[in-house]
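Quick one: structure below, then a few questions.
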Amino acid sequence: MLSDPAAAVWVSAGRPGVEAPAPVDGRCGRCGEAGPTVTSSRIISEKFTGLDAWPFGFRRLCVPCGWAYSRAPTTQPGMLITATTVTEYRGASGAAELGGVLAAGALTGRQAAVVPTTMRRHILPTAEWGHVATDGFVASWDGGAAARLADLAWLRSLGARWPQLCKPAPPHRLMTSQPSDQWGQIMAAWEHLRPWRAIPPMWDLGRILTNTNARTGGGE
Ligand SMILES: [Zn+2]
């Protein structure tokens, strides 16, 4: 299904094959595409918990989905995906660079982002247009999400450390280190992050996208 972000990445990679018996016609258990499919058990373990999330059964995968699942999660870079382009963001500095892109505004319905945090899960197959896919979570990336990420980056640029940011209110010392006319804005940004603090994968996502620790001294 070429309208799917994982399939767009597969096309961008040159439509590679997968190590499985020759594909036969069927229906992909994950994306529902009818066409050449491979036996999913040749790609991933049937004990794989994510199978429950496949809406079309779990016996077969189309080649793009099979390819996406056959790649080791430990090698998954951050990605910004469109129907025709894939931009990769590797390492901590890459994640922070992608964070800058995501803080600038919403993803359109023709863009998708992939941001691995633990490098232990398959994320690319879960990517959706207009969303950021991270470990175990797919977040709609609208203007509100972009603004929250910008707030988080701003607070870290002021010197807020991660353990402090996990608390419901800013520390006194951070407030008094800033001009009093900024206190209201700091309080508002802190409060703005409250919904993300309650969603661990979202909070981890915000952290990795704003890890510019050279400036804040509080990256990890
Ligand atoms: Zn598929």
Could you tell me the separation between the CD1 atom of Ile43 and the OH atom of Tyr69, rounded to the nearest 0.5 Å? 11.5 Å
Once you round to the nearest 0.5 Å, how far does CZ of Phe137 lie from CG of Leu205? 9.0 Å
For the pair Arg156 (side chain) and Arg207 (backbone), establish whether a donor and an acceptor sit closer than 3.5 Å, ignoring hydrogens and angles. yes
Which residues share a side chain to side chain contact (heavy atoms under 4.5 Å, CB included) with Ala133, sequence neighbours left out: Ile123, Thr126, Ala127, Val138
For Val63, which residues count as a side chain to side chain contact (heavy atoms under 4.5 Å, CB included) partner, sequence neighbours excluded? Trp10, Pro23
For Arg60, the salt bridge (charged side-chain N to carboxylate O under 4.0 Å, His left out) test, sequence neighbours excluded, returns none
Partners passing side chain to side chain contact (heavy atoms under 4.5 Å, CB included) against Thr87 (at least two apart in sequence or in another chain): Leu80, Tyr89
I would like to know whether Trp129 and Thr108 meet side-chain contact (heavy atoms from CB on, under 4.5 Å); could you show each step before the answer? CA-CA 7 Å; Trp129 299 121; Thr108 71; over 6 Å; no
How many angstroms lie between atom CG of Leu209 and atom CD of Glu97, to the nearest 0.5 angstrom? 11.5 Å
Restricting to non-hydrogen atoms, name the atom on Pro170 and the atom on Met175 that form the minimum distance, rounded to 0.1 Å. CG-SD, 3.8 Å
In Å and rounded to the nearest 0.5 Å, what is the CG to CZ distance from Asp4 to Arg30? 4.5 Å
Counting neighbours of CE on Met187 that are heavy atoms of other residues, nucleotides or ligands and sit closer than 6.0 Å, is the number greater than 12? no
Quick one: side chain to side chain contact (heavy atoms under 4.5 Å, CB included) partners of Pro171, sequence neighbours excluded? Gln164, Leu174, Trp190
On a heavy-atom basis, the closest approach of Cys31 and Cys62 is SG-SG, 3.8 Å
List the residues meeting salt bridge (charged side-chain N to carboxylate O under 4.0 Å, His left out) with Arg194, not counting sequence neighbours, and say none if there are none. Glu191
Would you call Leu102 and Leu107 a side-chain contact if the rule is heavy atoms closer than 4.5 Å? yes
Are Leu61 and Val24 joined in one hydrophobic group, where the rule is that I, L, V, M, F, W and Y side chains link up if heavy atoms are under 4.5 Å apart? no
Linked, directly or transitively: Val38 and Phe56 (ILVMFWY side chains, under 4.5 Å): no
Tell me the closest heavy-atom pair linking Trp67 and Pro16, and the distance in Å. NE1-CG, 3.1 Å
Pairs involving residues 71-82, ordered by first then second residue, that meet side chain to side chain donor-acceptor pair (under 3.5 Å) (sequence neighbours left out): Thr82-Thr85
So Arg120 and Pro73, do their side chains get closer than 4.5 Å, heavy atoms only? no
Between Leu149 and Trp196, the two heavy atoms sitting closest are N-CH2, 3.7 Å
Identify, with sequence neighbours excluded, every residue that meets ring pair (Phe, Tyr, Trp, His ring centres under 6.0 Å) alongside Trp203. Trp162
Pairs touching residues 126-154 that satisfy salt bridge (Lys or Arg N to Asp or Glu O under 4.0 Å), sequence neighbours left out: none
Which heavy-atom pair separates Ile81 from Ala8 by the least distance, and what is that distance? CG2-CB, 4.0 Å
Are any of the side-chain heavy atoms of Cys65 and Pro125 separated by less than 4.5 Å? no
Any side chain to side chain donor-acceptor pair (under 3.5 Å) involving residues 167-187? Give me the pairs, sequence neighbours left out, ordered by first then second residue. none
Give me the atom names and distance for the closest heavy-atom approach of Thr212 to Ala96. CG2-CB, 3.7 Å
Ser140 (side chain) donor-acceptor with His131 (main chain) under 3.5 angstrom: no
For the OG1 atom of Thr210 and the CG atom of Leu152, what is their distance to the nearest 0.5 Å? 4.0 Å
Hits for salt bridge (charged side-chain N to carboxylate O under 4.0 Å, His left out) against Arg90, two or more places apart or cross-chain, chain-then-number order -> Glu88
Quick one: do Leu155 and Ile186 satisfy side-chain contact (heavy atoms from CB on, under 4.5 Å)? Show the steps, please. CA-CA 7 Å; Leu155 290 171; Ile186 293 171; 4.0 Å; yes
Are Leu98 and Met119 linked, directly or through intermediate hydrophobic residues, by side-chain heavy-atom contacts shorter than 4.5 Å (ILVMFWY only)? no
